[in-house]
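What follows is a single structure, written as structure tokens, with notes after it.
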Amino acid sequence: MKFKTTYYFLHFLFILFATIILLTGCSDDEESLDTEYPVIDETFAANYPQQCSEIKKGESFTFIAHFTDNQELGSYSIDIHHNFDHHNHSTEVNDCNMDPIKTPENPFLFINNFSIPEGQREYTAEMSIDVPADVDNGDYHFLIMLTDHEGWQTIKGISFKIID
């Protein structure tokens, strides 16, 4: 008889424990899911470079962009590469005057990733980028890829020119 009572008591505890686990395992997490892309603020007055900018080789320029997200920013990367073959991944509406298609000899290439401090919903990226004096003049792309903490990504592509 004692064995049967212990069995029912353990069975009751198991069902009670399983019910507690099931009830506490369900929550309203769907409300906190981030489903929005981060934003590269187009209206930020200090943004640089801008579409069709001209940057002198042998000098440095300051990249500035303002980022926002509804929950938390994660990181950004910059990709500067030549556009001597006139490929296109610009996100800008207006086109720039293009040089004739040419073969690169010593194109400027800059690819880097940067973390944004944790907990930031707004961030202004600013850094100096040196353009070597011996790179090819011509048409280039400046890509900014902004990723939020959840993994959503926004890309902005700017065309610019490196000149003497």
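Nearest heavy-atom pair, Pro107 versus His82, reported as atom, atom and distance to 0.1 Å: CB-CD2, 3.7 Å. Ser115 and Ser75 make their closest contact through CA-CB, 4.1 Å (heavy atoms, listed as atom of the first residue, atom of the second, distance). Nearest heavy-atom pair across Ala46 and Ile64 is O-CB, 3.5 Å. Taking all atoms of both residues into account, the shortest heavy-atom contact from Gln153 to Thr147 is NE2-OG1, 3.2 Å. Across all their heavy atoms, Asn97 and Lys161 have their closest contact at O-NZ, 3.1 Å. Considering every non-hydrogen atom in both Leu146 and Val39, the closest pair reads CD2-O, 3.4 Å.
Side chain of Tyr123 to backbone of Ile116: no donor-acceptor contact under 3.5 angstrom is found. Between the Asp136 side chain and the Asn106 main chain, a donor and an acceptor come within less than 3.5 Å of each other. The main-chain N or O of Asp41 is found under 3.5 Å from a side-chain atom of Asn47 such that the two form a donor-acceptor pair. Between the side chain of Gln51 and the main chain of Ser159, a donor-acceptor pair closer than 3.5 Å is present.
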### Task
Would you please test Asp148 and Gln71 for side-chain contact (heavy atoms from CB on, under 4.5 Å) and show each step?
CA-CA 8 Å; Asp148 70 10; Gln71 291 194 0; over 6 Å; no
### Message
Please evaluate residues Ile55 and Tyr140 with respect to the criterion side-chain contact (heavy atoms from CB on, under 4.5 Å), reporting the C-alpha separation (whole Å), side-chain torsions for both, the decisive distance (0.1 Å), and the verdict.
### Response
CA-CA 10 Å; Ile55 296 172; Tyr140 285 84; over 6 Å; no
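Here the CD1 atom belonging to Ile40 is positioned 12.5 Å from the OG1 atom belonging to Thr43, to the nearest 0.5 angstrom. Rounding to the nearest 0.5 Å places CZ of Phe114 at 11.0 Å from CE of Met145. Here the CG-CZ distance, from Asp139 to Phe84, works out to 7.5 Å after rounding to the nearest 0.5 Å.
Other residues, nucleotides and ligands contribute over 12 non-hydrogen atoms within 6.0 Å of the NE2 atom of His66. In this structure, Phe61 places its CZ atom where more than 12 heavy-atom neighbours from other residues, nucleotides or ligands lie under 6.0 Å away.
Looking at Ile80 and Ile129, their side chains come closer than 4.5 Å, going by heavy atoms from C-beta outward. You'll find the side chain of Asn83 reaches within 4.5 Å of the side chain of Met98, heavy atoms only. Contact check for Ile78 versus Met127: side-chain heavy atoms found under the 4.5 Å cut-off. Inter-residue side-chain proximity for Lys57 and Phe108 is flagged as unmet; no heavy-atom pair is nearer than 4.5 Å.
Checked for salt-bridge contact, Asp164 and Lys56 miss the test: no charged N lies under 4.0 Å from a carboxylate O. At a threshold of 4.0 Å, the pair Asp69-Arg121 does not count as salt-bridged, since none of the basic side-chain nitrogens sits closer than that to a carboxylate oxygen.
Results of the ring pair (Phe, Tyr, Trp, His ring centres under 6.0 Å) test with Phe63 over Phe142, Tyr48, Phe160 single out Phe142 as the only residue that passes.
Ring planes of Phe67 and Tyr76: tilted class, angle from 30 to 60°.
Under the 4.5 Å side-chain contact rule for hydrophobic residues, Phe110 and Ile162 share a cluster.
Checked by atom type, the side-chain pair Glu122/Thr68 shows no donor-acceptor distance below 3.5 Å.
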